[in-house]
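Here the structure comes first, spelled out in structure tokens, and everything after it is commentary.
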Amino acid sequence: MISAPAANIAWVSFHPGDDTPSAAAATAGFTEAPDVGFTDLLTSAGHTVTRFTNTGNPNVTHPTLNTYDLIIVSRSSPSGDFANANADNWNTTITAPVMIMSGYAIRQSRLGLTAGSTIPDVSFPPDNNGATTLTLGSPLGLGVMADPYVTTVAFNGNNQRGPSVVTGALQGGGTVWASVSNAPNPDAIGAAVVAFWEAGSSVTHAGGAGTNILAGDRAIFLAGSREQTPLTSEGAGIYDLTAEGEDLFLRTVDLVAVPEPSSAALVILGALAVGIRRRRLA
């Protein structure tokens, strides 16, 4: 576990409330936000979570976002809100740390955190012999996780697809904290699942200004289901973490959301204990 203070977290999503799914999600049969499992996990860990609806111009639409310890962009968000001028807005006007859960939003054609735009899924059917496992790097620990971090989830009897990863290298000096070590889809192997960028990093995306200097720390944690027909994208982001994935998710949140000023976050992974300062995560 991580010894760190509880964080004040902004959750950006299609869905305005835990018990208020978007119109399309409600029409599909959701009575709660599809991504409610993630906000429930954060709350149960002691964090305070406030929902905001997704937007391409966050600092104008939601001017309080920069007051939060961490902004998490749900997998249940439209990637178009992170394209062209919208990418400029997210990259250069948001000074609070942001953790993004959608592989679609981080592509070179969107925020530009990665150099590529190819996005294979890491899902697997329940009867598949290959599980999606991760190789962990500092500061999450070293070695290969013994168990998968995500599992297949279903809605109305239909199995959904798993998180989408990006095969391109990280731009702007991003540091890989965890990558796919094994997956039924070989195209996904080696792709970053958890990564971190310090404020001041330079990334290049298609459209808008093209090159941005990140105004705040950025991270990714790719999780949450990809929608399967007949669901629309507003049905994406269903909670899919295993027990090991939950632990990894909360560790990452604590590392990225350390409020300023903070002396250190303590990471304990088995027998490994590493003290790190927020500006020395690499």
Side-chain angles (χ1 to χ4, degrees), residues 1-21 32-55 58-59 62-77 90 94-102 105 136 139-141 149-150 163 177-178 193-197 199 216-225 237-269 273-279 281:
M1 298 180 66
I2 295 175
S3 175
N8 194 19
I9 297 173
W11 183 267
V12 177
S13 169
F14 275 120
H15 315 288
D18 285 353
D19 58 355
T20 309
E32 295 181 304
D35 55 7
V36 68
F38 292 98
T39 55
D40 282 348
L41 177 65
L42 291 166
T43 301
S44 69
H47 301 298
T48 299
V49 181
T50 304
R51 279 186 177 265
F52 292 86
T53 53
N54 51 266
T55 176
N59 202 31
H62 303 303
T64 63
L65 280 180
N66 280 330
T67 66
Y68 284 80
D69 298 322
L70 175 65
I71 301 165
I72 299 180
V73 175
S74 171
R75 174 63 182 84
S76 193
S77 293
W90 273 98
I94 297 300
T95 57
V98 181
M99 188 173 88
I100 302 152
M101 300 185 66
S102 170
L136 303 181
L140 292 175
Y149 85 109
V150 292
W177 285 359
V193 170
V194 188
F196 180 83
W197 291 256
D217 292 345
R218 300 293 185 260
I220 61 170
F221 189 104
L222 304 184
S225 64
I238 298 173
Y239 188 80
D240 61 354
L241 296 179
T242 64
E244 291 77 10
E246 290 178 350
D247 180 69
L248 196 68
F249 179 76
L250 292 175
R251 291 173 190 274
T252 303
V253 166
D254 284 344
L255 285 166
V256 180
V258 177
E260 294 282 10
S262 176
S263 59
L266 178 64
V267 183
I268 303 175
L269 183 59
V274 182
I276 59 173
R277 293 187 180 276
R278 186 169 185 272
R279 291 298 178 184
L281 294 181

Closest non-hydrogen atom pair, R75 against G224: CG-O, 3.7 Å
Heavy-atom pair with the smallest gap, counting every atom of A6 and G46: CB-O, 3.2 Å
Steps toward side-chain contact (heavy atoms from CB on, under 4.5 Å) verdict (R251, D247): CA-CA 6 Å; R251 291 173 190 274; D247 180 69; 2.4 Å; yes
T39/D18 under side-chain hydrogen bond (donor to acceptor under 3.5 Å, both in side chains): CA gap, chis, key distance, verdict: CA-CA 8 Å; T39 55; D18 285 353; 3.1 Å; yes
Whether F249 and F221 hold their rings parallel, tilted or perpendicular, with breakpoints at 30° and 60°: perpendicular
Counterpart residues, side chain to side chain contact (heavy atoms under 4.5 Å, CB included), relative to T50 (two or more places apart): F52, Y68
Distance (rounded to the nearest 0.5 Å) between M99 CE and W11 CH2: 7.0 Å
Atom of S76, atom of D35 and distance for their closest heavy-atom approach: CB-OD2, 3.7 Å
Separation between CG of N8 and OG1 of T67, rounded to the nearest 0.5 Å: 7.0 Å
Validation row: P58, V12 side chains within 4.5 angstrom (heavy atoms): no
side-chain contact (heavy atoms from CB on, under 4.5 Å) between F196 and L255, worked out: CA-CA 10 Å; F196 180 83; L255 285 166; over 6 Å; no
Name of the residue among V49, V98, L42 meeting side-chain contact (heavy atoms from CB on, under 4.5 Å) with I72: L42
Heavy-atom check, side chain of H47 versus side chain of D254, under 4.5 Å: yes
Heavy-atom pair with the smallest gap, counting every atom of A96 and I71: CB-CD1, 4.0 Å
Sub-4.5 Å side-chain heavy-atom contact between I220 and W177: no
Test item: S102 and V73 side chains (from C-beta on) under 4.5 Å apart, heavy atoms: no
Spacing of OH belonging to Y149 relative to CG belonging to L241, to within rounding of 0.5 Å: 8.0 Å
CZ-CD1 distance between F38 and I238, expressed to the nearest 0.5 angstrom: 10.0 Å
Nearest non-hydrogen partners of A178 and L136, listed with the distance: CB-CD2, 3.8 Å
Gap separating the CG atom of L250 from the CG atom of L41, nearest 0.5 angstrom: 4.5 Å
Donor-acceptor pair, side chain of R51 and main chain of H15, under 3.5 angstrom: yes
By side chain to side chain contact (heavy atoms under 4.5 Å, CB included) - contacts of N59 (at least two apart): N66, T93, I94
Nearest heavy-atom neighbours spanning P16 and T20: CD-O, 3.2 Å
Pairing residues for W90 by the ring-ring contact (aromatic ring centres under 6.0 Å, His included) criterion, not counting sequence neighbours: F82
Spacing of CG belonging to D217 relative to CH2 belonging to W197, to within rounding of 0.5 Å: 11.5 Å
